[in-house]
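I have placed the structure first, in the form of C-alpha cells, so that the comments after it can refer back to it.
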There are 2 protein chains.
Amino acid sequence: MELNKFLPYQLSVLSNKVSAGIAKYYRQQYNISVSQWRVLALLSDKGNQTAKELTIKSQMDKVRVSRTMKSLEERNFISQQACQKDKRARRYKLTKEGDALINEVKPKAIAFEKRLLETLSTNQVEELQNCLQALNSQVDKITEEI
Amino acid sequence: MELNKFLPYQLSVLSNKVSAGIAKYYRQQYNISVSQWRVLALLSDKGNQTAKELTIKSQMDKVRVSRTMKSLEERNFISQQACQKDKRARRYKLTKEGDALINEVKPKAIAFEKRLLETLSTNQVEELQNCLQALNSQVDKITEEI
DNA sequence: ATAAAATAGTTTCACTTGAAACTAAAAATA
DNA sequence: TATTTTTAGTTTCAAGTGAAACTATTTTAT
C-alpha cells in the first residue's frame, strides 16, 4: 500500500495545508485562531446562540468552545446575555467590534476558497461537494458502529 | 456565508472524523498513533530511509518525525543503522516486530478505507482523487505566493 | 414532592504540538 | 585550506489539547 494513495492520508494532508494556508489570512493579520473564526462566522450568520448550539454547529468539543468564548469575550468581539430559559447557559452575539472584524476577514476567506476552487470545473466542484457529504455520512455510520 | 458550505471547514471536519475513526483501529488495538502509523507504512513500502526522507514523504514536520522515530525505536518496531554518506543521519528499517505489526494493522486500514469509499461510485472515487490532487497543487501554489 | 439522572459549561491535569534555538556534520565559498 | 552557510536531527519552551472530574441547573422518574 502506498501512503500517497490512501484517502485518510490525502484528506489529512490537504486539510492541514488548507487550514494552515487560510489561517495565515486571519492569524497573521488579525491574530484570530480557526476556533475563533468559526465561532465568529457562526454568530455572524445568526446571533444569540448558546455555547451548546455553537458546539454542535462548529463541530468542536465543548471545552474548546468554552475557551473560545472566553477569549473572544476578553477581546471584546462577543457579548453575553443571561438565558431566561436555562440559567446554566448564556446567549452570545457579536459586538460592534466583532462584527467589524468578521466583515473584514470574511471576504478574504471567501476569496481564498474561490482561488482554491478555480482549479476545478463547476461540475467538479459540485461533484466534490456531493462526495464530501457522502463521505461524512459514511464515516458517521462506520464510527457509530464501533 | 454559511460555515457548512465553506470548503476549508468541510475538509477539516471530514478529515478529523476520518482520522479519529481510523485511529481507533490502530490506537485502541495496538496503541500506535497516526504519526507512528505513517512512518511504519512508509518503512514497510521501502526500508533504509532517513528521517529526512520520511519527513518529506509523511508530510510531517521534522520535530514530529524525530519523536516518532524515537518512540518506535523504544518499542522495538524499527532499528537504525549508521549512514556512511552523512554522519548526521541514520537509515531506519522495520524490525521483525515492526513488520509483524504493520502487516496486522494494514489490512484493517485498507478495510476502513474500502468501507468509506463504498458509498461512492467508481467514477466518483476517481473524480474525487483528481479533485484532491488538483486542490493539493493549487493550495501549494497559493500559499507559496504569500 | 423528592431523589436520581441528565445537561450546560468550566477547570484540572497530563499529554501533544511546533517554533525557535541548538549541536554536529556537510557543502559552498573565499 | 579556512571560513561561512546550509542541512540533519534534537531539545527546550510556551501554548494548545481533550478526557475526566467538577459545579450548577434542569429534567425525568418514583
Side-chain angles (χ1 to χ4, degrees), chain A residues 12-13 15-17 19-21 23-24 26-28 31-39 42-43 48-75 78-93 143 146, chain B residues 12-13 15-17 19-21 23-24 26-28 31-39 42-43 48-75 78-93 143 146:
Chain A
S12 168
V13 168
S15 168
N16 288 342
K17 274 191 201 173
S19 284
K24 270 193 187 165
Y26 36 82
R27 159 73 65 190
Q28 290 184 346
N31 196 32
I32 57 173
S33 66
V34 172
S35 309
Q36 290 173 326
W37 151 261
R38 283 192 188 176
V39 166
L42 287 170
L43 286 179
N48 292 308
Q49 301 195 70
T50 64
K52 167 75 179 181
E53 288 161 357
L54 294 166
T55 297
I56 293 165
K57 291 189 188 160
S58 68
Q59 300 250 28
M60 304 191 296
D61 70 282
K62 62 183 183 172
V63 177
R64 203 161 163 176
V65 171
S66 172
R67 286 169 179 147
T68 303
M69 305 322 284
K70 194 179 168 195
S71 67
L72 286 175
E73 206 175 4
E74 278 167 2
R75 290 177 61 189
I78 60 172
S79 64
Q80 55 168 262
Q81 172 185 5
C83 190
Q84 52 277 70
K85 286 225 175 185
D86 188 338
K87 285 175 196 161
R88 294 167 304 182
R90 278 138 289 159
R91 300 207 159 272
Y92 294 93
K93 62 179 181 189
T143 48
I146 303 172
Chain B
S12 168
V13 169
S15 168
N16 287 342
K17 274 191 203 175
S19 284
K24 271 192 186 166
Y26 37 82
R27 158 73 66 192
Q28 290 184 345
N31 197 33
I32 58 173
S33 67
V34 171
S35 310
Q36 292 173 325
W37 152 260
R38 283 192 188 175
V39 167
L42 287 170
L43 285 179
N48 292 309
Q49 300 194 71
T50 64
K52 168 75 178 178
E53 289 161 356
L54 294 166
T55 297
I56 294 164
K57 292 189 189 162
S58 69
Q59 301 249 26
M60 304 191 296
D61 70 282
K62 63 182 182 173
V63 177
R64 203 160 163 173
V65 171
S66 172
R67 285 170 178 148
T68 304
M69 304 322 284
K70 194 180 169 195
S71 66
L72 286 175
E73 206 175 3
E74 278 167 3
R75 290 176 61 189
I78 60 173
S79 63
Q80 54 167 265
Q81 171 184 5
C83 191
Q84 51 278 68
K85 287 225 173 184
D86 187 337
K87 283 175 195 160
R88 295 168 303 181
R90 278 138 289 159
R91 301 208 158 271
Y92 294 93
K93 61 179 181 187
T143 49
I146 304 175

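What you see below is based on every heavy atom in this structure, not just the backbone, and it leaves out hydrogens, waters and symmetry mates. Note that the structure is predicted; figures quoted are calculated from it, not measured. Residue numbering restarts at 1 for every chain, and letters A, B, ... go by the order of the sequence lines.
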To the nearest Å, give me how far apart [atom1] ([X]) and [atom2] ([N]) are.
X     : N      : atom1 : atom2 : result
A:R67 : C:dA8  : CZ    : C1'   : 16 Å
B:Q59 : C:dT17 : CD    : C1'   : 18 Å
A:R64 : C:dT11 : CZ    : C1'   : 18 Å
A:K17 : C:dG18 : NZ    : P     : 15 Å
A:N16 : D:dG16 : CG    : P     : 17 Å
A:Y92 : C:dT10 : OH    : C1'   : 10 Å
A:Q49 : C:dG9  : CD    : C1'   : 16 Å
B:K52 : C:dA25 : NZ    : P     : 19 Å

Taking only the side-chain heavy atoms of [X] (C-beta and beyond), determine which of [options] contains the nearest atom.
X     : options                : value
B:K62 : D:dA21, C:dA21, C:dT11 : C:dA21
B:S66 : D:dA19, C:dG9, D:dT10  : D:dT10
A:V63 : D:dG9, C:dT11, C:dG9   : C:dT11
B:D86 : D:dT26, D:dA21, D:dA8  : D:dA8
B:A51 : C:dT11, D:dG9, C:dT17  : D:dG9
A:K87 : D:dG9, C:dT11, D:dT26  : D:dT26
A:R90 : D:dA8, C:dT10, C:dT17  : C:dT10
B:A89 : C:dG9, C:dG18, D:dA8   : D:dA8

side-chain hydrogen bond (donor to acceptor under 3.5 Å, both in side chains) for B:S12 and A:R38? Distances and angles first, verdict last.
CA-CA 12 Å; B:S12 168; A:R38 283 192 188 176; 2.9 Å; yes
Categorize B:T50 for me: base, sugar-phosphate, or nothing, with a 4.0 angstrom heavy-atom threshold over every strand shown.
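The answer is sugar-phosphate, as B:T50 gets under 4.0 Å only of primed atoms, P, OP1 or OP2.
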For B:T68, is there any backbone N or O sitting under 3.5 Å from a side-chain donor or acceptor partner on B:S71?
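It does hold such a pair.
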Measure from the side-chain N and O atoms of B:E53 to the backbone N and O of B:T50, and report whether any donor-acceptor pair falls under 3.5 Å.
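Answer holds: yes.
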Quick one: pull up OG1 in A:T55 and CG in A:L42 and give me the separation to the nearest 0.5 Å.
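That separation rounds to 10.0 Å.
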Do A:R64 and A:S35 have side-chain N/O donor and acceptor atoms under 3.5 Å apart?
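Yes, A:S35 and A:R64 have a side-chain donor paired with an acceptor closer than 3.5 Å.
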